[in-house]
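Below you'll find the structure, written out as structure tokens, and then a few comments.
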Amino acid sequence: MKLLRLLPMGVLAVLSAQPVAAYAPASVPEQAERTQERVRLCMGATEAGGRERRAACDEALSSEFNRTVRADLLASRGWLSEAENALNEALRDFDAALKAVPNHLAALRGRAHTLSELGRHAEAAALIERAMVLGGRATLLADRALLRERAGNVAGARADLDGAIALDPSNSWARGTRGRFLQVEGEHEAALADFDAALALEPEVTSYHYRRGISLAALARPREAIAAFDGALRLEPAVAQVWLERGRAFEALGHEGPALASYERALRLDARHEASLSRRAFLLQRTGRAEEAIAAYDRLLAVQPSAAFGLNNRAGLLAEVGRREEALRDLDLAITLVPGDGNALRNRAQLLLQLGRNDQALRDLDRAGPGHDAGAWHGMRGDALLALGRPVPALEAYRATLALKPQDRATLFGFGLAQEVRGDRSAAAAAYGALLAVDPEHEGALERREELLPALGRSIEVWPSRLAGLLRGASDAFEREREAVQGVYRALRPQPKPQPALALPAPPNPLAALDAALALDAFDVPRLIRRAQFGIGQPQREAQARADLATALLLEPENPAALVQRARLSFRDGAYAAAQTDAEAALRSEPRSIEALFQRARALTARGQLSAALKAYDDVVAVAPANAAALLNRALLLQHAREYDRALADLDAAVAADRTDPDGWVARAALRTALGQTDAAIADFDRALSLDARLGQAWYGRAVAHQRRGDAAEAAADFARARALDARADERYRAFGAAP
């Protein structure tokens, strides 16, 4: 009985509570609306991240009892799990969806995809066949293409993609995937057509831009390839492989600087990216930067110690700079790694010849074989055999070289030496003569031939070559004497009247140079920042400056120079908080950056945080004691804080730092006027007006100073001049002379 009597009283107590809405549970319409919102979010109808979508799916499933809707929610959550590679969770959701609705198309597709990921290709194919009966054949053909590719049936996958595109030309995934297949098969023109179609449908897919660039590069269209790679990088700038391919395209164009910059950016993203390490080292080697190339190969070999080609190339560079023993160690290791590497064996043989280890060099040459340059191989064998005192086989090797390279100087000289060692002086003299016919000034051939001819009773033949040498020497001496005489003659001649100076060529336009460089490499961050710096404040360039900074910060979000320039732009826009944020971000990278410190101080001042601004200007002056702008601005803040002695000291320092800036003189004159130092103030105003006679504030301020001193006529004249320059002078400059 008590329970029955208490129930109405409880109801009355709830109804009488105020306000009801603050404590009562959500109404049925509100719950329904919330559920629908969660459903839309789970199903992807509302944009959200994966975690938020999963939470929405979980919440919607906890309150949704309609079998069809539950199947939709389970399938959606299953696809989320599949994308996150949580395959067992995905299977559970797809199975639950199919239990609720046996022919649920999204669940059938999702289960097939997941089974294929798990390697259960036959089960996956059966599910796709079952789904095809239900409809959506174009999408399902594309699905089956993916499953067939995973199973290794590339021809079947290609056929499915052809069918999917024939049924639905707007299927961008099918277009992009077929383009990839065509690319692998070397059909780059057809691949391009598919990538273009895919991008027309979905321009924000990075892989389509990247793949398009690969095909353009393969078709020897590197400039277009670079533009395609840039399109990919604007969407995802942190993909090392795209930077690598961009570098290759620049190499194909012959632009080593942007190529190196691209490889270095790839390595910033992935310091162990082997292909980028290799290309960078090889490019430095090819452009003759030996020490940098050695360091680059060091870096590559630290990542991949068994890279025989890297050891081989570094050995060549070490030998080039005289570090032969180190080079030999590299070649020994390269041959240990790849015992039959003919290139390394030939390189080691050449180095051993230079070190005088001729028997070892001959052994390596015989192991290596001729390779791609048989002439050089035969020549090195001849040198080794001759050095070992075996002139007859050396002559055979030299003859083989001369059959391929008849005018090779080193071989002709070696041939002559081998004939001498063999004892055939006549043949040796003939060889030296043949060499002199190719190179008349070859010192070794001249010396050896002059020594041989008298022994052969042919002394008279020595004289023509000696005479030719004497004539060359006399000709050189005559040229030197002639130049000296002409110099004396020019000095003695009457000097002609000075001609009017020719117009000097116009100095180079730095903006034009930046434009040209960025037309080649649109991602050159230092140049983007410099061009933006030039463009800020120029109306016709400001939009470009904003775009340049956006690109620079896309590539390097913490670049302090770019952040400072964006702070300048934000300040111009009146976005002072954003300017301060960027300046402070720049200071985290470069704590002593004068410009970043200055921009922070300006922003704080504009935001009315004057104490903080004063401290910020203290920081600027601590780093740059002679920064006139910082001193001037700090002086104005000190005046506001009524610290007049410190303000005057700052203005003295500002004027001393830049005596050509009229603003400093005007500011000091204004403070001196306010402090009653009228004579000194007038002198400062005079100096400001000598620098810029159109400064209305200087005329007005001097008028006030004259007025304070009792010079009515001078004051009236200065007021008149100020008003002539600026009709609103009285309104603008009335603060001049205000007492502190």
Side-chain angles (χ1 to χ4, degrees), residues 43-44 50 53-54 57 70-187 190-191 194-195 197-198 201-202 205-208 210-211 214 241:
M43 302 293 290
R53 282 188 62 196
R54 179 176 292 281
C57 292
R70 282 188 65 78
D72 291 342
L73 292 167
L74 287 162
S76 186
R77 190 171 69 179
W79 278 103
L80 282 171
S81 297
E82 198 263 354
E84 294 165 3
N85 206 37
L87 302 181
N88 290 326
E89 290 179 36
L91 273 182
R92 281 196 296 272
D93 277 341
F94 292 135
D95 288 343
L98 289 168
K99 187 174 180 181
V101 178
N103 288 326
H104 194 281
L105 189 57
L108 286 169
R109 289 181 61 221
R111 192 167 194 277
H113 274 261
T114 307
L115 289 170
S116 176
E117 289 274 10
L118 291 166
R120 294 158 63 179
H121 303 301
E123 294 174 71
L127 281 174
I128 292 294
E129 295 298 334
R130 174 180 159 190
M132 279 189 181
V133 177
L134 305 173
R137 185 172 177 79
T139 301
L140 291 164
L141 282 169
D143 284 355
R144 191 169 69 181
L146 176 62
L147 306 186
R148 282 180 164 175
E149 182 188 11
R150 286 177 181 163
N153 181 4
V154 176
R158 169 75 184 274
D160 277 347
L161 288 170
D162 291 342
I165 293 165
L167 290 169
D168 180 10
S170 68
N171 188 325
S172 63
W173 183 88
R175 287 278 197 182
T177 306
R178 187 173 71 176
R180 177 166 57 82
F181 282 9
L182 290 164
Q183 195 172 73
V184 171
E185 293 163 13
E187 298 180 41
D194 271 344
F195 292 133
L201 295 162
E202 284 191 275
V205 178
T206 306
S207 64
Y208 299 160
Y210 169 70
R211 290 274 177 192
I214 295 292
Q241 187 66 26

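Here, residue 1 is the first one in the sequence, and each next residue gets the next number.
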Carboxylate-amine/guanidinium proximity below 4.0 Å for Glu117 and Arg150: yes
Any donor-acceptor pair under 3.5 Å linking the side chain of Thr114 with the backbone of Gly110? yes
Quick one: pull up CZ in Phe195 and CG in Leu182 and give me the separation to the nearest 0.5 Å. 8.0 Å
In short, side chain to side chain donor-acceptor pair (under 3.5 Å) pairs touching residues 136-147 with sequence neighbours left out are Arg109-Asp143, His113-Asp143, Glu129-Arg144, Arg144-Asp160
Closest contact, heavy atoms only, Gly176 versus Ala198: N-CB, 4.0 Å
CE of Met43 to CZ of Arg77, rounded to nearest 0.5 Å, is 13.0 Å
What closest approach, in Å, do Ala124 and Ala112 show between heavy atoms, and which atom pair accounts for it? CB-O, 3.3 Å
Do the non-hydrogen side-chain atoms of Ser170 and Arg175 ever get within less than 4.5 Å of each other? no
In terms of heavy-atom contacts, Ser116 and His121 come closest through O-CE1, 3.4 Å
Over all atoms of both residues, closest heavy-atom pair of Leu167 and Ala138: CB-CB, 3.8 Å
Within a strict 4.5 Å, meaning less than it, do heavy atoms of the Arg54 and Glu84 side chains meet? yes
Under 3.5 Å, which donor-acceptor pairs do the side chains of residues 98-108 form with other protein atoms, sequence neighbours left out?
residue, atom, partner, partner atom, Å
His104, ND1, Ala107, N, 3.3
His104, NE2, Asp72, OD1, 2.6

Looking at CZ of Arg158 and CG of Asn153, how far apart are the two atoms once the value is rounded to the nearest 0.5 Å? 13.0 Å
Pairwise distance OG(Ser81) to CG(Leu87) - rounded to 0.5 angstrom: 9.0 Å
What is the minimum heavy-atom distance between Gln241 and Tyr210, and which atoms define it? CG-OH, 3.3 Å
Close side-chain approach of Cys57 to Leu80, heavy-atom, < 4.5 Å: yes
Going through the distances and angles, do Arg180 and Ser207 end up as a side chain to side chain donor-acceptor pair (under 3.5 Å)? CA-CA 10 Å; Arg180 177 166 57 82; Ser207 64; over 6 Å; no
Rounded to the nearest 0.5 angstrom, the CG-CD distance for Leu161 and Glu149 is 8.5 Å
CE/Met132 to CG/Leu127 distance, rounded to the nearest 0.5 angstrom? 12.0 Å
Applying side chain to side chain contact (heavy atoms under 4.5 Å, CB included) to Ile128 and Leu147, what does each step give before you reach the verdict? CA-CA 9 Å; Ile128 292 294; Leu147 306 186; 3.5 Å; yes
Are any non-hydrogen side-chain atoms of Ser76 and Arg53 less than 4.5 angstrom apart? yes
Ignoring hydrogens, what is the shortest heavy-atom contact between Phe94 and Ala75? Give both atom names and the distance. CE2-O, 3.4 Å
Apply side chain to side chain contact (heavy atoms under 4.5 Å, CB included) to the pair Trp173 and Val205, showing each step before the final yes or no. CA-CA 10 Å; Trp173 183 88; Val205 178; over 6 Å; no
Starting from the C-alpha separation in whole Å, work towards a yes-or-no answer on side chain to side chain contact (heavy atoms under 4.5 Å, CB included) for Leu115 and Leu91. CA-CA 8 Å; Leu115 289 170; Leu91 273 182; 4.2 Å; yes
Do the side chain of Tyr208 and the main chain of Ser172 share a donor and acceptor less than 3.5 angstrom apart? yes
Can you name the one residue among Arg178, Arg211, Gln183 that meets side chain to side chain donor-acceptor pair (under 3.5 Å) with Asp194? Arg178
